[in-house]
Colleague: 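My questions will all concern the structure given below.
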Amino acid sequence: AQRMTVAQRFTVTPIGHVVQQQGDHGCRIELLPAYAAGLQGLEGFTHVQVLWFANYASEPQGSLTVERPYAGGPAQLGVFATRSPARPNRLCVSVAAVVGPVAGGALHLAWLDAADGTPVLDLKPYHPSADRVVRARVPAWCAHWPKSLEESASFDWGTVFKHAC
């Protein structure tokens, strides 16, 4: 296997895009027709991992640190210690609950922290055997945050984020 060098680039192709629905009706991912068959078998899973490109985020300005991104957090954090979409490659991953039928090249989700039109790069089923960490630890400054995706729905994230993303 050949190692990548810093100067090398590669291309990824979106498989679809996010469609945010009006009101509190969640969202859906609409796949390009060439990728629709890839949804086969996903209907048995309650959650998926969505890999998406933060096309709405600002281009990185060279700094790999963020000034106090969270209320009560450190004065400065490295971008890799945040979930900020302002990253060197603007790649983001989210876990989302599947709430509707998986059919017709569309995947209906309860919620996704991506804007309408956001390019989706990949989908993976959420497997507790590979994706759940029972004894995960976090720094003290964020230990009061919800312990699960389900608890996050009723948490007041406005008290945490210094800026809106």
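Counting begins at 1 with the first residue of the sequence.
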Colleague: Please answer: with hydrophobic residues joined when any side-chain heavy atoms are less than 4.5 Å apart, are L91 and V66 in the same cluster?
Modeller: no
Colleague: Hey, does the side chain of E67 reach the backbone of L77 with a donor-acceptor pair shorter than 3.5 angstrom?
Modeller: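 A pair under 3.5 Å: no.
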Colleague: Please check if V50 and Y126 belong to a single hydrophobic cluster, counting links between Ile, Leu, Val, Met, Phe, Trp and Tyr side chain heavy atoms closer than 4.5 Å.
Modeller: no
Colleague: Could you walk me through whether L123 and L31 pass the side chain to side chain contact (heavy atoms under 4.5 Å, CB included) check?
Modeller: CA-CA 10 Å; L123 298 169; L31 295 185; 4.2 Å; yes
Colleague: Return yes if some donor-acceptor pair links the side-chain N/O of R28 with the main-chain N/O of L109 below 3.5 Å, else return no.
Modeller: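 Not confirmed, R28 side chain does not pair with L109 backbone.
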Colleague: Are W157 and Y70 an aromatic pair, judged by ring center distance below 6.0 Å?
Modeller: no
Colleague: Look at the side-chain heavy atoms of Ile, Leu, Val, Met, Phe, Trp and Tyr, link any pair under 4.5 Å apart, and say whether V99 and L42 land in one connected group.
Modeller: no
Colleague: Is there side-chain contact between C92 and L51, with at least one heavy-atom pair below 4.5 Å?
Modeller: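 Heavy-atom side-chain distance check fails, nothing below 4.5 Å.
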Colleague: Please report the shortest heavy-atom distance between L112 and S94, naming the atom on each side.
Modeller: CD1-CB, 3.6 Å
Colleague: Would you say the side-chain atoms of E151 pair up with the backbone N or O of W145, donor to acceptor, closer than 3.5 Å?
Modeller: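 Not confirmed, E151 side chain does not pair with W145 backbone.
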Colleague: Which word best sums up how the rings of W52 and Y56 line up, parallel for under 30°, tilted for 30 to 60°, or perpendicular for over 60°?
Modeller: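 W52 vs Y56 ring planes: parallel.
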Colleague: Which pairs count as salt bridge (Lys or Arg N to Asp or Glu O under 4.0 Å) when at least one residue sits in residues 117-143, sequence neighbours excluded?
Modeller: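 Listed by first then second residue: D122-K124.
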Colleague: Please give me the minimum heavy-atom distance between V138 and A143, naming the atom from each residue.
Modeller: CG2-CA, 3.8 Å
Colleague: I need the S84 OG to R90 CZ distance, nearest 0.5 Å.
Modeller: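 If we round to the nearest 0.5 Å, S84:OG and R90:CZ are 11.0 Å apart.
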Colleague: Evaluate the criterion side chain to side chain contact (heavy atoms under 4.5 Å, CB included) for residue pair D116 and V19; output intermediate values, then yes/no.
Modeller: CA-CA 5 Å; D116 191 55; V19 176; 4.1 Å; yes
Colleague: State the NE2-NE2 distance between H127 and H47, to the nearest 0.5 angstrom.
Modeller: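 Taking NE2 in H127 and NE2 in H47, the distance rounds to 13.5 Å.
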Colleague: Mind listing the closest non-hydrogen atom pair of H144 and F155 along with its distance?
Modeller: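 Reported closest heavy-atom pair: O-CE1, 4.0 Å.
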Colleague: Report the C-alpha separation of V120 and V18 in whole Å, then their side-chain angles, then the decisive distance to 0.1 Å, and conclude whether the side chain to side chain contact (heavy atoms under 4.5 Å, CB included) test is met.
Modeller: CA-CA 7 Å; V120 174; V18 174; 3.8 Å; yes
Colleague: Give a yes or no answer on whether the side chain of T82 reaches the backbone of G78 with a donor-acceptor pair at less than 3.5 Å.
Modeller: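 Here the side-chain-to-backbone pair does not exist.
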Colleague: Report the residues that fulfil side chain to side chain donor-acceptor pair (under 3.5 Å) with N55, sequence neighbours left out, ordered by chain and then residue number.
Modeller: none
Colleague: Is there a side-chain contact between W111 and C27 in this structure, where contact means two heavy atoms from C-beta onward sitting under 4.5 Å apart?
Modeller: no
Colleague: Considering non-hydrogen atoms only, spot the tightest contact between E43 and V102 and give its length.
Modeller: CA-CG2, 3.9 Å
Colleague: Over all heavy atoms of both residues, which pair between P85 and A54 is shortest? Give the atoms and the distance, please.
Modeller: CB-CB, 3.6 Å
Colleague: Is there a side-chain contact between L32 and I15 (heavy atoms, below 4.5 Å)?
Modeller: no
Colleague: Partners of K147 by salt bridge (Lys or Arg N to Asp or Glu O under 4.0 Å), sequence neighbours excluded?
Modeller: none
Colleague: Please tell me whether V160 and W141 are part of a single hydrophobic cluster in this structure, the criterion being side-chain heavy atoms less than 4.5 Å apart.
Modeller: yes
Colleague: What verdict does the side chain to side chain contact (heavy atoms under 4.5 Å, CB included) test give for L107 and V48, after you've listed the backbone C-alpha separation in whole Å, the side-chain angles of each residue and the deciding distance to 0.1 Å?
Modeller: CA-CA 10 Å; L107 181 62; V48 292; 4.0 Å; yes
Colleague: In this structure, are over 12 heavy atoms from other groups packed under 6.0 Å from Q40 atom CD?
Modeller: no
